[in-house]
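Below is one structure, written out as C-alpha cells, with a few remarks after it.
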Amino acid sequence: MAGEARAMMRHHPHPGKLDPGALARMEEARRQTRHQLDLIERQIVRAMTAAMPALRDRRQRSCRDRSPDPAAFMRRYREILSAITAERQPEIDALSRKLPGQDQAIEHWRRRLLSAQSAA
C-alpha cells in the first residue's frame, strides 16, 4: 500500500506513535518529485527552443523555389522532440511512477493523523 508510510513507521523510534513531522517530510519529498518532473519538462522545452532556428533554416534552404511544406517541418519537429524526450524517458517514467505512491502515502498518513486526533 503506502510504501513511504510503512518506511516512515519502520524508521520511527516508536512505531506505535505517530510522528507529526513524517507528513511534512512526505509532502516535501512529493514536492521534490514534482519539481524534478517540471525541471525535466523545462529542459525539454529549452532544447526544442534551441532546435527551432535549425529547423527554420533547413526549411528555408530546401524550399527556395517552392512554398514551405508545413507537414515536413512538423514531421522534423516531432522527430527531434521524440529524440529529446526519449533520452529523458526513463527518468520521466521513474518519477511519474513515484508520484502516485507518494500521494497514496500522504493520504494514508493524513487519515491516520485525523483518526488519532478524533480519538484523542
Can you confirm whether Glu41 is buried at CD, in the sense that more than 12 heavy atoms of other residues, nucleotides or ligands lie under 6.0 Å from that atom? no
From CA spacing to verdict: salt bridge (Lys or Arg N to Asp or Glu O under 4.0 Å), Arg34, Asp38: CA-CA 6 Å; Arg34 182 73 250 168; Asp38 292 343; 3.0 Å; yes
Salt bridge (Lys or Arg N to Asp or Glu O under 4.0 Å), that's the test. Do Glu79 and Arg75 meet it? Break it down for me. CA-CA 6 Å; Glu79 288 170 4; Arg75 191 170 36 257; 5.1 Å; no
Is Leu39 reachable from Ile92 through a run of hydrophobic residues whose side-chain heavy atoms are each under 4.5 Å from the next? no
Can you list everything that forms a side chain to side chain donor-acceptor pair (under 3.5 Å) with Gln89? Sequence neighbours excluded, please. Asp93
Leu37 CG to Lys98 NZ distance, which is reported to the nearest 0.5 Å: 10.0 Å
Considering non-hydrogen atoms only, spot the tightest contact between Ala105 and Met26 and give its length. CB-CE, 3.3 Å
So do Gln104 and His108 actually touch side chain to side chain, heavy atoms under 4.5 Å? no
Report yes or no: do Met74 and Met48 belong to one cluster of Ile/Leu/Val/Met/Phe/Trp/Tyr joined by side chain heavy-atom distances under 4.5 Å? yes
Closer than 3.5 angstrom, by distance alone: can the side chain of Ser118 be matched with the main-chain N or O of Ser115 as a donor-acceptor pair? yes
Any idea which heavy atoms bring Gln43 and Arg88 closest together, and the distance? OE1-NH1, 2.5 Å
Nearest 0.5 angstrom please: Ile40 CD1 to Ile84 CD1, how far? 13.5 Å
Measure the CG-CG distance between Leu113 and Asp19 for me, rounded to the nearest 0.5 Å. 9.0 Å
Got a second to check how far Glu28's CD is from Thr33's OG1, nearest 0.5 Å? 9.5 Å
When rounded to the nearest 0.5 angstrom, what is the spacing between OG1 in Thr85 and CZ in Arg78? 13.0 Å
Any non-hydrogen side-chain atom of Glu27 less than 4.5 Å from a side-chain atom of Leu23? yes
Does the side chain of Gln36 come under 3.5 Å of the side chain of Gln32 through a donor N or O and an acceptor N or O? no
